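Values in this document were obtained by computation on a predicted structure and should not be read as measured data.
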Amino acid sequence: MTRHLHHQLGYRATGIDCSPTALALAAARDYADKPGPLWKCADIGAGNLTALPEPAYAVITCRLVYRWLDDKGAFVNRVRRLLVPGGVFWVVAEIAGRRKDTAPLQGLGISPAEAEILTAGWSAVRTQDLDVLRCYALRP
């Protein structure tokens with residue numbers, strides 16, 4: 001997604017992950033003849049945010065990661081503080097109970113309580129369902 005935002009849509013984009021291996025794999029796929037996005041190893045949920053290249057962001061995305069965070073409330077609050085006024089936090093998460101009971105990944109979704117933590121305290125919350133996923137556009 002970071003590469004698409006950077007190359008196809010023209011955004012100055014930073015890909016952030018807490019895994020150096022994931023970042024190395026992402027950076028290895030950059031185009032040799034074009035400058036790619038910035039890749040930064042950081043833990044937005046608990047790490048030092050002063051290492052980020054910008055003090056604030058217009059868009060922050062979180063794709064299929066929210067479910068795995070231990071302290072969801074703290075994560076959401078940290079993201080909210082990183083957004084510029086009028087910015088948007090774009091989240092894609094699987095919703096619990098959307099897969100068939102026999103599906104091997106049936107338990108991967110977020111619960112209604114976890115969705116409430118995600119959406120509480122925003123001035124605007126928009127959602128769109130896509131099969132087992134829900135997309136959230138959240139504005140401070």
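- More than 12 heavy atoms of other residues, nucleotides or ligands lie within 6.0 Å of CG in Asp129, so this atom counts as buried by the packing criterion.
- From Leu52, atom CG reaches atom CD1 of Ile16 across 4.5 Å, with rounding to the nearest 0.5 Å.
- Taking every heavy atom of both residues into account, Ala58 and Leu83 meet most closely at O-CD2, 4.1 Å.
- Taking CZ of Phe75 as the reference point, atom CG of Asp70 lies at 12.0 Å (rounded to 0.5 Å).
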Test side chain to side chain contact (heavy atoms under 4.5 Å, CB included) applied to Val76 and Leu69, step by step: CA-CA 10 Å; Val76 171; Leu69 299 168; over 6 Å; no
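- At a threshold of 4.5 Å between side-chain heavy atoms, the hydrophobic network of Ile, Leu, Val, Met, Phe, Trp and Tyr places Val79 and Val84 in two separate groups.
- To the nearest 0.5 Å, the span separating CD1 on Ile110 from OH on Tyr136 amounts to 4.0 Å.
- Residues that satisfy the side chain to side chain contact (heavy atoms under 4.5 Å, CB included) test with Asp71, not counting sequence neighbours, are Ala74.
- Closest heavy-atom contact between Cys135 and Leu130: SG-CD1, 3.5 Å.
- The shortest non-hydrogen separation linking Cys41 to Cys18 is SG-O, 3.7 Å.
- We find the OH-OH distance between Tyr11 and Tyr57 to be 15.5 Å, quoted to the nearest 0.5 Å.
- Put simply, the side chain of Arg29 never gets that close to the backbone of Arg3: no donor and acceptor are under 3.5 Å apart.
- Counting all heavy atoms, side chain and backbone alike, Leu23 lies closest to Asp17 at CD1-O, 3.6 Å.
- Partners of Ala13 according to the side chain to side chain contact (heavy atoms under 4.5 Å, CB included) rule, which considers only residues two or more places apart in sequence or in another chain, are Thr2, Leu5, His6, Pro37.
- The cluster map of Ile, Leu, Val, Met, Phe, Trp and Tyr, joined by side-chain heavy atoms under 4.5 Å apart, puts Leu138 and Val65 in the same cluster.
- Side-chain N or O atoms of Tyr66 include one that pairs as donor or acceptor with a backbone N or O of Leu118 at under 3.5 Å.
- Rounded to the nearest 0.5 Å, atoms CD (Glu94) and CZ (Arg67) are 8.5 Å apart.
- Here CG of Leu133 is found 12.5 Å from OG1 of Thr127. Values are rounded to the nearest 0.5 Å.
- The two residues Pro140 and Trp122 come nearest to each other via the heavy atoms N-CE3, 3.5 Å.
- With sequence neighbours left out, the side chain to side chain contact (heavy atoms under 4.5 Å, CB included) criterion links Leu25 to Thr21.
- Taking the side chain to side chain contact (heavy atoms under 4.5 Å, CB included) definition, one finds that Arg139 meets it with Val88, Ser123, Ala124, sequence neighbours left out.
- Partners of Trp39 by side chain to side chain donor-acceptor pair (under 3.5 Å), not counting sequence neighbours, listed by chain and number: Asp30.
- Take His7 and apply the ring-ring contact (aromatic ring centres under 6.0 Å, His included) test, not counting sequence neighbours, and it matches Tyr31.
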